[in-house]
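For reference, the structure is listed below as structure tokens.
Every number for a ligand or one of its atoms is a count from 1 in the order of the listing.
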Amino acid sequence: MPHLHTRLAHAGCTPDPATGAVVAPLHMATTYERAADGSYPHGYLYSRMDNPTRADFEETMADLEGGAIAQAFASGMAAAQALLQSLRPGDRVLLPDDLYYGVRKLVDEVFVDWGLRVDTVDMTDLDAVEAALAADATRLVWLETPSNPLLKITDLAAVAECAHVAGAQVVVDGTWTTPVVQRPLDLGADVVLHSATKYLGGHSDLLGGVLVFAEDTPVAARVQTVQQTSGGVMDPFSAWLALRGLRTLRVRLETMMRTAHQLASWLDDHPRVTAVHYPGLPTHPGHAVAAGQMDGFGAMLSFEVAGTAAEALAVAARCTVFRRATSLGGTESLIEHRASIEPDGSTTPAGLLRCSIGLEHPTDLQEDLSRALSN
Ligand SMILES: Cc1ncc(COP(=O)(O)O)c(C=O)c1O
């Protein structure tokens, strides 16, 4: 099999048999003609069920992650919802104590009413994970590493092993890493989730999500039923854009990661910065685990400034190269005061600013932060 980098470069580039075009066409049709005998000769029936462009993206993602099957959704959260809906009322899910707040909100505000039982554990503490698994039967362990927004590192292979011994499945939100940096299925996870809105698309211009399953299990089949019957599917144009994004994913990430590492090291020595959260720093508590399970340390970092939330917001406000916006993974660097957009009960430190590092020259980004921190 060709190298991952070659497969990325060729994403969505199987020559079209009808025209020879080297980039696969965008299929917008919602419905497909039946043969005289009532069959669907090309395998496509109706676009909610399946669509050639979406199928291309799904097959590409399954291949890149080393999975058996993938399903693409209208957003990362639609993917999360479909996976949670494949569980049964009464099932128990273990969530990490630091994770994308949207997942926490979805679980707390929708799935708890629906009957899901939820507990939270520090996934970086294996004893705590084992104790939580021993306390009650668990169906699903949800992991995010590096986590959002504190960049905590979970030992994927170790937690997957504990979860499997306890009879639980493991899903890893791979949005921040992508298969270029970390491949959770190789480390024992059962499912990988991505918000394709971020690095996979890579240009802040599409909304999408995808689940990749290690095996074509009954859980994967149930998720597919949710996907195809409820219709939270990735639209063809987003799938086409996501395939285009994949072709440059590696080079974008390599540059972004280099800059992120450089900025994290510089911030670490800055007198106004009280903490830097970046697993590439040797002082990060998860550095050794991250070095063992990641290829590079990602392009997301967060740092804390001394003082109040208002002072941290003022630092972000003084940036002119970094854009003040939520989301991540685009070519433009973003800075965000997380505590002020997370819901009540957020445990994010008041002085924390999260950065998605883009493709600008590192000197411009460093000077921007330097100016913003010096006022
Ligand atoms: C780690 C992570 N997972 C999932 C999501 C949800 O993705 P979407 O916005 O595509 O629904 C996000 C969005 O910010 C995210 O950062």
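Using a cutoff of 4.0 Å between basic side-chain nitrogens and carboxylate oxygens, Arg117 and Asp136 are scored as salt-bridged. With respect to the salt-bridge test (charged N to carboxylate O, under 4.0 angstrom), the residues Asp119 and Arg92 qualify. The pair Lys152-Asp97 meets the salt-bridge criterion, with a side-chain N (NZ, NE, NH1 or NH2) lying under 4.0 Å from an Asp/Glu carboxylate O.
Counting only heavy atoms of the protein, atom 15 (C) of ligand 1 lies nearest to Tyr100 CG, 3.6 Å. Nearest non-hydrogen protein atom to atom 3 (N) of ligand 1 is Asp173 OD2, 2.6 Å. The nearest protein atom to atom 14 (O) of ligand 1, hydrogens excluded, is given as Lys198 NZ, 2.9 Å; this is a heavy-atom distance. Protein heavy atom at the shortest distance from atom 11 (O) of ligand 1 is Met77 N, 2.9 Å.
No more than 12 heavy atoms of other residues, nucleotides or ligands sit less than 6.0 Å from atom CD of Glu215.
Compare Thr326, Leu200, Thr197, Val210 by their heavy atoms: the one nearest to atom 10 (O) of ligand 1 is in Thr197.
Near Gly76, the atoms of ligand 1 lying under 4.0 angstrom from a non-hydrogen atom of the residue are 7 (O), 8 (P), 10 (O), 11 (O). Per-residue contacts place Gly208 under 4.0 angstrom from the following atoms of ligand 1 (heavy atoms of the residue considered): 10 (O).
Within the 4.0 Å heavy-atom cutoff, His194 does not count among the residues contacting ligand 1. Residue Ala80 places every heavy atom at 4.0 Å or more from ligand 1.
Here Leu328 has side-chain heavy atoms under 4.0 Å from ligand 1, and that is the only part of it that gets that close.
Taking OH of Tyr199 as the reference point, atom CG of Leu253 lies at 6.0 Å (rounded to 0.5 Å). Taken from CG in Leu313 to NE2 in His337, the straight-line distance is 4.5 Å, to the nearest 0.5 Å.
Aromatic ring centroids of Phe297 and His287 lie under 6.0 Å apart.
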